[in-house]
S.K.: 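Input: one structure, supplied below.
The chains referred to below are lettered A, B, ... by the order of the sequence lines, with proteins before strands, and numbering in each begins at 1. These figures come from a predicted structure and were not determined experimentally.
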There are 2 protein chains.
Amino acid sequence: MEIIQVYKCLCDVQRLRILNLLQHGPLCVCHLVEILESDQVKISKQLRYMKELGMVEGERFAQWMIYSLTDAKHPLLRENLKCLQDCYAEDTSFAKDLRQRAALSERIKAETPGCAEAICDQGCQ
Amino acid sequence: MEIIQVYKCLCDVQRLRILNLLQHGPLCVCHLVEILESDQVKISKQLRYMKELGMVEGERFAQWMIYSLTDAKHPLLRENLKCLQDCYAEDTSFAKDLRQRAALSERIKAETPGCAEAICDQGCQ
DNA sequence: TATGCATATTCATATATTGGCATATGCCGT
DNA sequence: ACGGCATATGCCAATATATGAATATGCATA
């Protein structure tokens, strides 16, 4: 994963939000769609782009694709997410997204346990 | 200066090198052309792009345009340049550029004192 | 095998960014 | 006003990225 690819991934708000979410554990596309209040095709395309940049990878569990960071420990990525979290939280709606994520994962556990399990197989906290 | 603009500026090696150089003080276009081993039009266009993003600003001194960082203390920018310097110095040829910069500024003082003075008026160290 | 759900892909179009080449502008010294 | 130097701009083609609508794929379950 090269420097430039990292920055290319960082220079879009939606991608920033995805990175922030994935830093706290893997997610399936439908979670992302709901949290980002976007639509499936857009998110799918962002994920493809991010995958081409080498930033995320996806694994299929049943009908769900679970995405996670390729290298959550990449110094440049970590530093930036940390910095954004510390200094620009509102601009990026990082905190709001994480709150939504928590609420959502409760709901998912009840409504689609399969999806919840798949994510946990991939290392959810 | 917004987050996204900062990252847009960071996602090109040539722009990274320019930011690194400007962080150590203002420079004129001809310096940049020489250090980056590029040509005048390319550098001029990069500078315009960076100016539109709000990252640099230029001031004219006689026939020279002296460029400097708009906000050298911007946390996101500082953090990133620091991180790149610490962890990815070779990838970006930051150190080499700075060495070249030093050598160059000696030569400029001798050959085109006007340009050297202009830069110093703008706050060179 | 037919159906439904989650996700990906294709196509067409719009916009952004990059690069090369030629030319224009601004300022200086004569 | 003229020539030279430093810098910027305009134009055009190439490539990259983004967006919307329609459609295709993969998997599960009945």
Side-chain angles (χ1 to χ4, degrees), chain A residues 4-5 7-18 26-53 55-68 104 107-108 111-119 121-122, chain B residues 4-5 7-18 26-53 55-68 104 107-108 111-119 121-122:
Chain A
I4 299 304
Q5 334 291 338
Y7 287 129
K8 281 194 174 193
C9 191
L10 292 171
C11 70
D12 173 275
V13 180
Q14 211 169 37
R15 291 196 292 266
L16 278 182
R17 292 172 69 190
I18 294 177
L27 280 182
C28 67
V29 179
C30 58
H31 275 101
L32 289 169
V33 169
E34 198 161 337
I35 299 176
L36 301 191
E37 290 169 302
S38 185
D39 66 273
Q40 183 262 318
V41 173
K42 258 189 213 165
I43 298 298
S44 213
K45 282 179 181 174
Q46 289 285 23
L47 288 167
R48 170 143 79 130
Y49 183 69
M50 295 170 81
K51 191 162 135 193
E52 278 162 5
L53 293 176
M55 302 289 291
V56 304
E57 48 198 16
E59 192 170 351
R60 179 178 285 280
F61 279 78
Q63 64 232 258
W64 298 281
M65 282 293 294
I66 313 296
Y67 281 89
S68 47
L104 201 58
R107 231 195 57 221
I108 297 279
E111 293 173 11
T112 40
C115 178
E117 277 169 40
I119 292 169
D121 283 353
Q122 277 291 81
Chain B
I4 300 304
Q5 333 293 338
Y7 287 130
K8 281 195 174 191
C9 190
L10 291 171
C11 70
D12 173 274
V13 180
Q14 210 168 36
R15 290 195 292 267
L16 278 182
R17 293 172 68 190
I18 294 177
L27 279 182
C28 66
V29 179
C30 58
H31 275 102
L32 289 168
V33 168
E34 196 160 336
I35 298 176
L36 302 190
E37 289 168 303
S38 185
D39 66 273
Q40 183 262 316
V41 173
K42 260 190 212 163
I43 297 298
S44 214
K45 281 179 179 173
Q46 289 284 25
L47 288 168
R48 169 141 80 130
Y49 183 70
M50 296 171 82
K51 191 163 136 192
E52 278 161 5
L53 293 176
M55 303 289 291
V56 304
E57 48 197 16
E59 191 170 352
R60 179 177 285 280
F61 278 79
Q63 64 231 261
W64 298 282
M65 282 293 295
I66 312 295
Y67 281 90
S68 47
L104 201 56
R107 230 195 57 219
I108 298 280
E111 292 173 14
T112 40
C115 178
E117 276 168 39
I119 292 167
D121 283 354
Q122 277 292 79

S.K.: I need the CH2-C1' distance between Trp64(B) and dT25(C), as an integer number of Å.
M.R.: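 Checked: the CH2 to C1' distance equals 17 Å.
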S.K.: Would you be so kind as to tabulate the donor-acceptor pairs closer than 3.5 Å made by side chains of residues 36-44 of chain B, with sequence neighbours excluded?
M.R.:
unit_1, atom_1, unit_2, atom_2, d
Ser38(B), OG, Gln14(B), NE2, 3.2
Asp39(B), OD2, Val41(B), N, 3.3
Asp39(B), OD2, Lys42(B), N, 3.4

S.K.: Find out whether Leu16(A) and Ile4(B) are in side-chain contact, i.e. whether some heavy atom of one side chain is under 4.5 Å from a heavy atom of the other.
M.R.: yes
S.K.: What string of B, S and - do you get for nucleotides 11-18 of chain D, 5' to 3', if B is base contact, S is sugar-phosphate-only contact and - is no contact with any protein heavy atom under 4.0 Å?
M.R.: B-----SS
S.K.: Is the shortest heavy-atom distance from the side chain of Ile18(B) to the side chain of Met50(B) under 4.5 Å?
M.R.: yes
S.K.: Any side-chain heavy-atom pair from Cys28(B) and Ile119(B) closer than 4.5 angstrom?
M.R.: yes
S.K.: What is the distance, rounded to the nearest whole Å, between atom CD1 of Ile4(B) and atom P of dT17(C)?
M.R.: 12 Å
S.K.: State whether Glu52(A) and Lys8(A) are salt-bridged, where the test is any N-O pair (Lys NZ or Arg NE/NH1/NH2 against Asp/Glu carboxylate O) under 4.0 Å.
M.R.: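 Lys8(A) and Glu52(A): not salt-bridged.
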S.K.: What is the separation between atom CD1 on Ile43(A) and atom C1' on dG20(D), rounded to the nearest whole Å?
M.R.: 15 Å
S.K.: Is there side-chain contact between Tyr49(A) and Arg15(A), with heavy atoms separated by less than 4.5 Å?
M.R.: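 The answer is yes, as the side chains (C-beta and beyond) meet within the 4.5 Å cut-off.
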S.K.: Could you tell me how far apart Leu47(A) (CG) and dT7(C) (C1') are, to the nearest whole angstrom?
M.R.: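 Value for this atom pair: 10 Å.
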S.K.: Holding to salt bridge (charged side-chain N to carboxylate O under 4.0 Å, His left out), I want the full list of residues that pass it with Arg60(A), two or more places apart in sequence or in another chain.
M.R.: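 Checked Arg60(A) against salt bridge (charged side-chain N to carboxylate O under 4.0 Å, His left out); zero matches.
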S.K.: Just how far, in rounded Å, is P of dT17(C) from OH of Tyr7(A)?
M.R.: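 Nearest whole value for this atom pair: 18 Å.
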S.K.: For dG20(D), does OP1 or OP2 lie under 4.0 Å from any side-chain N or O of Lys42(A)?
M.R.: yes
S.K.: Does Tyr67(B) place a side-chain N or O at less than 4.0 Å from the phosphate oxygens OP1/OP2 of dA8(D)?
M.R.: yes
S.K.: Assign a letter to each nucleotide of nucleotides 23-30 of chain D from its 5' end: B, base within under 4.0 Å of a protein heavy atom; S, sugar-phosphate only; -, no contact.
M.R.: ---SSS--
S.K.: Within the structure provided, determine whether Gln46(B) and Leu32(B) are in side-chain contact (heavy-atom separation under 4.5 Å).
M.R.: no
S.K.: Testing the basics here: between Tyr7(B) and Cys11(A), what is the closest heavy-atom pair and its distance to 0.1 Å?
M.R.: CB-CB, 3.5 Å
S.K.: Going by number, which of residues 27-37 of chain B have a non-hydrogen atom under 4.0 Å from DNA chain D?
M.R.: Cys28(B), Val29(B), Cys30(B)
S.K.: Any side-chain N or O of Arg48(A) below 4.0 angstrom from OP1/OP2 of dA8(C)?
M.R.: no
S.K.: Is the shortest side-chain heavy-atom distance between Tyr67(B) and Val29(B) below 4.5 Å?
M.R.: yes
S.K.: Taking CD from Glu52(B) and P from dA8(D), how many angstroms apart are they, rounded to a whole number?
M.R.: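 It is 13 Å, rounded to the nearest whole Å.
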S.K.: Quick one: salt bridge (charged side-chain N to carboxylate O under 4.0 Å, His left out) partners of Arg17(B), sequence neighbours excluded?
M.R.: Asp97(B)
